[in-house]
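Comments concern the structure below.
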Amino acid sequence: MTKDEAKQAQAQLRDRWSRETGTPKSAEADPDYADFRRWCSAQGYDSYFKFRSMRGAEEDSEGWFIDDFKQRWRY
């Protein structure tokens with residue numbers, strides 16, 4: 001899987017996770033990437049977190065999560 005494919009797939013997974021868990025996409029909700037990641041693993045989506053990246057697949061994935069849920073203050 002390429003990084004771009006993973007980014008698109010994870011965006012859809014974040015939307016689904018947000019809907020299914022009732023977690024709004026806002027900084028005030030303060031969602032936890034680890035909760036999202038565990039949910040993805042439980043659903044069988046680990047392959048979407050395996051791609052080549054200079055920074056590292058998990059680091060990129062968490063960064064996309066932070067951007068999507070408006071938590072840029074974490075960096």
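Within 6.0 Å of atom NZ in K7, 12 or fewer heavy atoms from other residues, nucleotides or ligands are found, so the atom counts as exposed in its surroundings. Around atom CZ of F51, more than 12 heavy atoms belonging to other residues, nucleotides or ligands sit under 6.0 Å away.
Here the CZ atom belonging to F36 is positioned 5.0 Å from the CG atom belonging to L13, to the nearest 0.5 angstrom. Distance CD/E62 to CD/Q10: 11.0 Å, rounded to 0.5 Å. D35 contributes atom CG, which lies 8.0 Å from atom OG1 of T23 (distance to the nearest 0.5 angstrom). Rounded to the nearest 0.5 Å, atoms CZ (F65) and CZ (R14) are 8.0 Å apart. We find the CD-NZ distance between Q71 and K25 to be 12.0 Å, quoted to the nearest 0.5 Å.
Under the 4.5 Å side-chain heavy-atom criterion for ILVMFWY residues, no single connected hydrophobic cluster contains both W64 and Y48.
Taking a cutoff of 4.0 Å between a charged side-chain nitrogen and a carboxylate oxygen, R37 and D46 qualify as a salt bridge.
You'll find the side chain of C40 reaches within 4.5 Å of the side chain of F49, heavy atoms only. Using a 4.5 Å heavy-atom threshold, the side chains of D60 and M54 count as separate. Here the side chains of E58 and Y33 are in contact, with some heavy-atom distance below 4.5 Å.
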Under the criterion side-chain contact (heavy atoms from CB on, under 4.5 Å), I'd like the reasoning laid out for W39 against R16: C-alpha separation, chi angles, the key distance, then a yes or no. CA-CA 11 Å; W39 178 87; R16 183 175 162 197; 3.9 Å; yes
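Scanning both residues, F69 and P31, for their nearest heavy atoms gives CD2-CG, 3.4 Å. Shown here for S53 and K3, the closest heavy-atom pair between the two residues is OG-NZ, 4.2 Å.
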